[in-house]
Amino acid sequence: MLLKALPFAFSFTMAPMVAIAVTLGGWWIALPFFYGWVCIGMLDQSLGLDTKNMDPATEERFLFWHKAVIWAWAPIQTLLIIYSLWTITSPGHMTTSEQVFAALALGIPTGAIGITFAHELVHQRNKWERWLGEFLLVSVGYGHFATEHVYGHHLTVGTPKDPVSARKGQGFYAFFARAVLGSFVSAWKIDQDRLARRGRAIWHRTNPWWRYMLGLGAWLAFAVWLAGPWGIALFAIQCFMAVYQLEAVNYVEHYGLCRKYLGNGKFERVQPHHSWNASHKVSNWMLINLQRHSDHHFRPDRRFPLLQHYSWQEAPQLPHSYPAMVGCALLPPLWFWIMNRRVDRWRARFYPDVTDWSAYEDGTIGRESVGNGAALPA
């Protein structure tokens, strides 16, 4: 299984790109941007798709090397952040503008790789892997994702209740503001309710927000020790870039895809056709099969190497890999031109009986204000 796991270690190549950028400064700072946003897309086009599936019944003991790739990233990311911030803030090493762009460059691997790996870890049943995922998320100031994603997004995806399911016609910038604020509020309410069901107050020691806040406080203390308030600003810039990439991927993954409303506040069960997929080989190595997103939502308990590819007859396919589509999302007119017609074809294929999608598009479907559903689409 070592040979099957090795391609996923391709993710590690992002770390030296950042190390080179912050060490040499100047135009070298563009290296992580070019590598992550251009080179990966070019390699995807060159090496094509990978539609092979591992046997989903493969036993856990045969996946050690796949899991080791994930575990190894935590110390790599920790050292990368420490080294980068230390180097960036070294006296006379960079101009102020270079420091800002270097901090943004640092956020590329901590977001694209770190949050993706954390996403895999927080889904696991054993506590130490979930905490390792939280550790990675805290290093980008987004610890609450561990709560919201598992206990919120996976339950409400494709409905108006989910802050990270983009509606058809919603541009990325409006979505980004809604996703960041909505995820924070949703996570707080989820943990508040979970504690209340156990008869515990919000300040009880089992509230995971203690871990989120204390961990973030430790990183901020390190940033202050390095460079005072400017150190905090650079750390925050790194966090912003990481979170931007996460929410841009969320935007791409579910844009315009809705679960059918069944009435009485209920929606159909999540199916493979409720997520966009991409089977491009290199970006799936880099993102540990994140682009096989339909199977992740259909079977969230599956480890990443066991996620299954779905054909276009079973689930919607993106025209390009996530890195390319995230770039398109930054230009709403281009994004709408590429994706809206695909959403319309998806609707015609999977829900030919729904003739009016307006309540889905404006987010009123299933809400009490809509009434008993008499005016809602079937």
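Just so we're clear, the structure is a prediction, and the values are computed from it rather than from any experiment.
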| request: Check Ala15 against Ile76 and note the closest heavy-atom contact, atom names and distance. | output: CB-CG2, 4.0 Å

| Do Tyr255 and Val270 belong to the same hydrophobic cluster, where Ile, Leu, Val, Met, Phe, Trp and Tyr are linked whenever their side-chain heavy atoms lie under 4.5 Å apart, directly or via other members? | no

| So among Thr78, Ile288, Leu136, which one has a side chain to side chain contact (heavy atoms under 4.5 Å, CB included) with Trp73? | Leu136

| message | Are Val343 and Phe175 connected into the same hydrophobic cluster when the rule is that any two of I, L, V, M, F, W, Y join if their side-chain heavy atoms are below 4.5 Å apart? | response | yes

| task | Classify the angle between the aromatic ring planes of Trp285 and Phe10 as parallel (below 30°), tilted (30 to 60°) or perpendicular (above 60°). | result | perpendicular

| Lys281 and Asp44 ion-paired at < 4.0 Å | no

| query | Between Ser275 and Pro316, what is the shortest heavy-atom contact and its length? | reply | O-CG, 3.2 Å

| field | Note: Glu361-Arg347 ion pair, threshold 4.0 Å (strictly below) | value | yes

| Is the gap between the ring centers of Tyr351 and His273 under 6.0 Å? | yes

| When hydrophobic residues are tied together by side-chain contacts of less than 4.5 Å, even through go-betweens, does Val249 share a cluster with Leu331? | yes

| query | Has the side chain of Asn264 got a donor or acceptor atom that lies under 3.5 Å from a matching backbone atom of Lys266? | reply | no

| query | Only one of Trp335, Tyr322, Tyr244, Phe176 forms a ring-ring contact (aromatic ring centres under 6.0 Å, His included) with Tyr251, so which one is it? | reply | Trp335

| query | Would you say Trp225 and Leu85 are hydrophobically clustered, going by side-chain heavy atoms of ILVMFWY under 4.5 Å? | reply | yes

| Is the shortest distance from a Lys or Arg side-chain nitrogen in Glu134 or Arg211 to a carboxylate oxygen in the other one below 4.0 Å? | yes

| Under 3.5 Å, is there a donor-acceptor pair between the side chain of Gln99 and the main chain of His93? | no

| said: Is the distance between the ring centroids of His296 and His154 under 6.0 Å? | reply: yes

| request: Mind checking the SG-NE2 spacing from Cys328 to His320? Nearest 0.5 Å is all I need. | output: 6.5 Å

| If you measure from the Lys or Arg side-chain nitrogens to the Asp or Glu carboxylate oxygens, is any gap between Arg303 and Glu129 under 4.0 Å? | yes

| field | Donor-acceptor contact present, side-chain Thr87 to main-chain Ser84, <3.5 Å | value | no

| task | Would you check if the distance from the ring center of Tyr142 to the ring center of Tyr212 is below 6.0 Å? | result | no

| Is the shortest side-chain N to carboxylate O distance from Asp344 to Arg342 below 4.0 Å? | no

| Is there a side-chain hydrogen bond (donor to acceptor under 3.5 Å, both in side chains) between Ser283 and Gln291 once you walk through the steps? | CA-CA 8 Å; Ser283 49; Gln291 298 174 135; 2.9 Å; yes

| Aromatic rings Trp357 and Tyr360: how do their planes relate, parallel, tilted or perpendicular, breaks at 30° and 60°? | tilted

| query | Which atoms form the tightest heavy-atom contact between Pro160 and Phe267, and what is the distance? | reply | CD-CZ, 3.8 Å

| query | Does the distance from a Lys or Arg side-chain N to an Asp or Glu carboxylate O, for Asp362 and Arg167, drop under 4.0 Å? | reply | no

| request: Could you check whether the rings of His254 and His297 sit parallel, tilted or perpendicular, using 30° and 60° as the cut-offs? | output: perpendicular

| message | How close do Ile237 and Val100 get, counting heavy atoms only, and between which atoms? | response | CG2-O, 3.8 Å

| task | Measure from the ring center of Trp71 to the ring center of Trp128 and say whether it is less than 6.0 Å. | result | yes

| note | Closest non-hydrogen contact found for Val22 with Ala102 is CG1-CB, 4.3 Å

